[in-house]
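Shown next, in C-alpha cells, is the structure this report addresses.
As the structure is a computational prediction, the values presented were derived from the model and not from experiment.
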There are 2 protein chains.
Amino acid sequence: MVKYQSRTLNSTFAALADPTRRAILERLSTGDSSVSALAEPFDVSLPAISKQLRVLERAGLLVQEKDGRVRRCRLDAQPMKEAVDWIAQYRRFWEDQLESLAGYLEDLDPDDDDVSEDQKPVDSEGRDQ
Amino acid sequence: MVKYQSRTLNSTFAALADPTRRAILERLSTGDSSVSALAEPFDVSLPAISKQLRVLERAGLLVQEKDGRVRRCRLDAQPMKEAVDWIAQYRRFWEDQLESLAGYLEDLDPDDDDVSEDQKPVDSEGRDQ
DNA sequence: TTGATATTTAACCATGTAGTTAAATATAGC
DNA sequence: GCTATATTTAACTACATGGTTAAATATCAA
C-alpha cells in the first residue's frame with residue numbers, strides 16, 4: 001500500500017490541465033491584471049473566470065490583492081518549480097529516446113548526444129481545444 | 001476570444017494530477033510491468049487501476065504491449081517534454097523570487113540583478129538522478 | 001443617497017472522474 | 001475441452017468540475 005505525496009503537486013498539475021487557466025497564467029506572465037481584464041479575451045461569463053481564478057489561487061499559482069473594488073491578480077510561479085522538478089526526474093527517458101535515435105544514426109556514441117532542442121520554446125502550436 | 005492550444009498539454013497535466021497515476025509512472029520508471037504487478041501496491045480494485053492506465057495511455061505516457069494474456073506496460077515520457085517546456089517558460093518567475101530575496105539582502109539594485117540566470121539551461125537539475 | 005462598476009456567491013445543470021462489484025473476454029496449460 | 005489466470009467491460013454510485021443565470025456585496029463617483 002503506497003502512501004501518497006504532495007498535495008501541492010495534485011493541485012498544481014490539475015490547475016495546469018485546463019487551457020483557459022494556462023492562458024490566464026500566460027497573460028499574467030506579461031503583468032498583473034484585474035479580473036475583468038483577464039476575463040475579456042474569453043467567451044465565458046465572469047463567474048466562470050472567477051472560478052478558474054479560485055482554482056489557480058488554491059493551487060498557489062495566483063495571488064489576488066484587493067485594491068478598491070478591483071482585484072489585482074498576480075502570478076506566483078513558485079508551485080511550478082515543484083512540478084517541473086517532479087517531471088525532471090523523467091528527463092533521461094525522453095532524452096534516451098533521442099539518444100537511441102542519435103545513437104542509431106551515429107553508431108551509438110553515448111557521450112556525444114545532442115540535446116539542443118531543449119531550449120526550443122514549445123508554445124507555438126496551433127489550436128485544437 | 002482566445003483560441004486554445006495543445007490537447008496534449010491538457011491530457012498530460014490531467015494525467016499527472018493524480019497521485020496514483022504518478023506513483024504508477026514512478027514504478028514504471030524502474031522498468032516495465034504487468035497490469036496486476038502495477039496494481040499490487042495499491043489498495044484499490046484491478047478495474048480501478050485499469051482505468052488509471054487508460055488515462056495514462058490516452059495521455060501517451062504509457063504504452064501497453066500484449067504478450068500472451070499479460071499486458072506489458074511501458075513508460076513513454078515523451079509527453080512530459082512538452083509539459084516541462086511549457087512550465088519552463090515561467091522559470092524566470094520563480095527564479096526572480098529568489099533573486100528579489102537576494103536583491104533585498106544586497107540592497108536591491110534593479111538593473112544589476114538577473115539576466116545571467118535566464119541562460120541557465122532548463123534541465124540543470126534532473127540529469128542523472 | 002443613488003447609481004454604476006467590479007467581483008463573488010448561490011443555485012442549478014451536464015459531464016467527467018474514480019471507485020465499486022459482477023460479468024465477459026482472452027489466453028495458458030493440462 | 002476444462003479450468004485457472006490476466007485483464008477489460010458493464011453498470012452503477014458519489015463527487016468534482018466547468019459552465020450557466022440571477023442575486024448579493026463592495027466600492028467608486030456624482
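- Residue Gln64(B) places no side-chain N or O under 4.0 Å from the OP1 or OP2 atom of dT7(D).
- In this structure, CG of Leu46(A) is placed 12 Å from P of dG19(D), rounded to the nearest angstrom.
- Contact check on Arg22(A) versus Asp18(A) returns no salt bridge, with no Lys/Arg side-chain nitrogen under 4.0 Å from an Asp/Glu carboxylate oxygen.
- Between Ser36(B) and dT7(D) there is a side-chain polar atom (N or O) within less than 4.0 angstrom of OP1 or OP2.
- Taking atom CG of residue Asp43(B) and atom P of nucleotide dT20(C), one finds them 8 Å apart after rounding to whole Å.
- One atom, CD1 of Ile49(B), and another, P of dA6(D), lie 16 Å apart when rounded to the nearest Å.
- Contacts of Ala14(B) classified as side-chain contact (heavy atoms from CB on, under 4.5 Å), with partners at least two apart in sequence or in another chain: Ala17(A).
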CA sep, side-chain torsions, deciding dist, call: Arg71(A), Asp67(A), salt bridge (charged side-chain N to carboxylate O under 4.0 Å, His left out): CA-CA 6 Å; Arg71(A) 272 170 222 216; Asp67(A) 181 22; over 6 Å; no
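- An OP1 or OP2 oxygen of dT17(D) is reached within less than 4.0 angstrom by no side-chain nitrogen or oxygen of Arg54(A).
- Phe13(B) has its CZ atom 20 Å from the C1' atom of dT17(C), to the nearest Å.
- Listed nucleotides dT8(D), dT7(C), dG19(C) differ in distance to Val35(B); the shortest reach to its side chain belongs to dT8(D).
- For dT7(C), the base has no donor-acceptor partner in the side chain of Arg69(A) [N/O atoms by modelled type, under 3.5 angstrom].
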Any N/O pairs under 3.5 Å between the protein and nucleotides 11-14 of chain C? List them or say none.
none

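- Applying the side-chain hydrogen bond (donor to acceptor under 3.5 Å, both in side chains) test to Arg21(B) and every residue at least two apart in sequence or in another chain returns Gln52(B).
- Taking Arg74(B) as the reference, Glu65(B) meet the side-chain hydrogen bond (donor to acceptor under 3.5 Å, both in side chains) condition, with sequence neighbours excluded.
- Residues Gln52(B) and Leu53(A) each lie close to DNA chain C; by heavy-atom proximity, the contact nearer the 5' end of the strand is made by Leu53(A).
- With rounding to whole Å, Asp32(B) atom CG is found 17 Å from dA6(D) atom C1'.
- Checked against salt bridge (Lys or Arg N to Asp or Glu O under 4.0 Å), Arg58(A) has no partners two or more places apart in sequence or in another chain.
- Distance CG (Asp67(B)) to C1' (dA6(D)): 12 Å, rounded to an integer number of Å.
- Dashed line: the shortest gap from a side-chain N or O of Lys66(A) to OP1 or OP2 of dA26(D) is not under 4.0 Å.
- For Arg71(A) against dT7(C), a side-chain-to-base donor-acceptor contact under 3.5 Å is absent.
- dT7(D) atom C1' lies 16 Å from atom CD of Glu65(B), rounded to whole Å.
- The CG atom of Leu56(B) sits 15 Å away from the P atom of dT7(D) (whole-angstrom rounding).
- Nucleic acid contact class of Arg72(B) (heavy atoms, under 4.0 Å, all strands): none.
- Formation of a donor-acceptor pair under 3.5 Å by the Arg27(B) side chain with backbone atoms of Ala37(B) is found in this model.
- Each of dT17(D), dG18(D), dT7(C) was ranked by its minimum atom distance to the side chain of Val55(A); first place goes to dG18(D).
- Partners of Ser45(B) by side-chain contact (heavy atoms from CB on, under 4.5 Å), not counting sequence neighbours, listed by chain and number: Pro47(B), Ala48(B).
- Comparing Ala48(A) and Gly68(A) by the nucleotide of DNA chain D whose heavy atom lies nearest to each, the residue mapping closer to the 5' end is Ala48(A).
- Counting non-hydrogen atoms under 4.0 angstrom, Ser45(A) reaches a base of the nucleic acid.
- Distance from the side chain of Thr20(A) is smallest for dG19(D) among the nucleotides dG19(D), dT7(D), dT20(C).
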